[in-house]
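Notes follow once the structure below has been shown.
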Number of protein chains: 2
Amino acid sequence: MAHAGSPRDSRRPRRTDAARNAESLLAAARELFDERGPDVPLDEVARRAGVGNATLYRHFPTRRDLIVAVYADEVTALCDQGAALIEAESPGEALFTWLDDFVVHVATKRALALAGTDDDDQRRTALFDDWHRSMRSTADRLLARARRAGAVDAGLSVDDLLALTSGAAIAATGADDARRLLRIMRHGFTGDQGSAGFVG
Amino acid sequence: MAHAGSPRDSRRPRRTDAARNAESLLAAARELFDERGPDVPLDEVARRAGVGNATLYRHFPTRRDLIVAVYADEVTALCDQGAALIEAESPGEALFTWLDDFVVHVATKRALALAGTDDDDQRRTALFDDWHRSMRSTADRLLARARRAGAVDAGLSVDDLLALTSGAAIAATGADDARRLLRIMRHGFTGDQGSAGFVG
DNA sequence: ACCTGAACACCGTTCAAGT
DNA sequence: ACCTGAACACCGTTCAAGT
């Protein structure tokens with residue numbers, strides 16, 4: 001399963017101390033993001049990891065790179081979960097089950113997603129930029145199957161689906177709120193649930 | 001019409017130089033936000049306004065206060081627009097016409113909304129904190145009327161409506177995109193538009 | 001009462017010197 | 001090839017001194 005955020009695919013092997021330092025930095029960043037939020041000084045991450053600050057910049061040129069690396073595993077898990085759901089009996093339920101996991105993921109990392117916005121590209125959050133590709137392909141397959149089953153509107157694109165879903169997750173006050181907002185969006189403000197009947 | 005962001009309701013009158021400085025700062029901030037984005041150095045705002053930097057802090061203690069003051073007029077206009085729409089023939093169309101203006105407003109100020117997030121309260125954007133009250137009461141009246149007309153789901157709350165709507169606006173790539181996403185949300189992912197019939 | 005600009009603190013980024 | 005920590009630059013905030 002291809003996933004975003006996997007660092008380093010260079011040819012020759014990396015020196016063992018460099019590999020160890022990268023791991024220490026990731027562990028320190030994970031801890032400090034939890035403890036003090038996504039704006040924690042990068043020097044502090046380096047200090048806790050026991051390396052010089054410039055070493056952090058060598059491995060992770062921007063704060064965003066660090067954030068993405070820290071949560072790469074979780075994104076991979078989410079995509080794997082989506083791959084498993086592609087076999088589920090009900091294509092409609094499969095899609096919305098995955099979206100449910102997705103909004104929880106985004107809502108939980110909300111602060112990090114916003115902190116990862118770059119100055120030059122203020123239109124996109126870190127989630128939408130770096131993790132978007134793998135998320136998008138996962139969502140795309142689930143959506144296509146749900147569409148064939150008639151469980152979603154034929155005109156709904158993946159991009160719109162993901163934009164709306166992550167927008168709701170970012171606007172939500174927490175994971176539970178995000179899941180509730182997703183349920184509302186599924187049937188719309190008008191609340192119509194009729195005509196489509198029991199599909200899938 | 002009560003609105004957010006109106007500065008200064010102190011008793012005794014303000015010295016004329018203080019009033020002039022506040023105006024200069026607002027004008028300079030408006031220009032620089034347009035030219036260089038919401039992260040422009042505050043010292044630069046003060047310099048363009050022709051005042052000392054500490055004067056800026058006296059009038060607007062946080063960057064957020066400055067942002068809110070700059071866009072207070074626009075928020076007021078949006079609320080007035082909502083007040084006018086409360087008389088419209090179709091309650092459902094009135095609500096969605098206003099929401100259409102609302103998403104354009106939020107999408108246009110998207111970067112500012114995100115820049116206004118505080119460190120201590122990372123759950124809310126500036127829009128949701130400072131302009132929320134007046135927006136909320138406007139939306140509330142339009143929603144109540146639309147609900148009585150059966151144009152929206154009976155269980156839809158103002159808070160959920162505004163959370164979803166502004167979330168879509170923030171996730172959108174621009175004003176046009178935001179309007180499109182609003183239309184999708186209105187009827188939901190399932191695309192059902194049936195059962196409710198021609199209400200309003 | 002309000003203004004000023006310099007001083008201070010903090011943090012991201014770079015770089016010369018090491019191994 | 002990689003690491004180090006000090007130096008640099010930038011910006012928000014405060015404060016002593018002015019009017």
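The sequence lines fix the lettering, A, B, ..., with proteins before strands; numbering per chain opens at 1. All of these numbers come straight from a predicted model, not from anything done at the bench.
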* Structure fact -> Out of C:dC15, D:dC15, D:dT13, minimum distance to the side chain of B:Y57 belongs to D:dT13
* Structure fact -> Picking from C:dC15, D:dT13, C:dT13, the nucleotide nearest the side-chain atoms of B:L42 would be D:dT13
* Pair B:R145 + B:E87: basic N to acidic O under 4.0 Å -> no
* Of the nucleotides D:dC2, C:dC3, C:dT14, which has the atom closest to the B:N21 side chain? -> C:dC3
* Asked: What nucleic acid atoms does A:N53 come within less than 4.0 Å of, heavy atoms only: base, sugar-phosphate, or nothing?
  -> base
* Qualifying residues under salt bridge (Lys or Arg N to Asp or Glu O under 4.0 Å), relative to A:R136, sequence neighbours excluded -> A:D159
* Closest to the B:V51 side chain: C:dT4, D:dC3, D:dG12? -> C:dT4
* Could I get the full list of salt bridge (Lys or Arg N to Asp or Glu O under 4.0 Å) partners for B:D100, not counting sequence neighbours? => B:R179
* Asked: Any donor and acceptor pair, going by atom type alone, linking the side chain of A:R30 with main-chain N or O of A:V70 inside 3.5 Å?
  -> yes
* To do: Could you tell me whether A:R180 and A:D177 have a side-chain N and a carboxylate O separated by less than 4.0 Å?
  => yes
* In terms of side-chain geometry, is the basic nitrogen of A:R48 or A:E35 positioned less than 4.0 Å from the acidic oxygen of its partner? -> yes
* **Contiguous pairing runs of three or more, Watson-Crick or G-U under 3.5 Å, that involve DNA chain C** => C:4-8 with D:12-16, C:12-16 with D:4-8
* Checking all strands, does B:A18 fall into the base, sugar-phosphate, or nothing category for heavy-atom contacts under 4.0 angstrom? -> sugar-phosphate
* Closest-nucleotide 5' rank along DNA chain C - winner of B:H59 and A:V40 -> B:H59
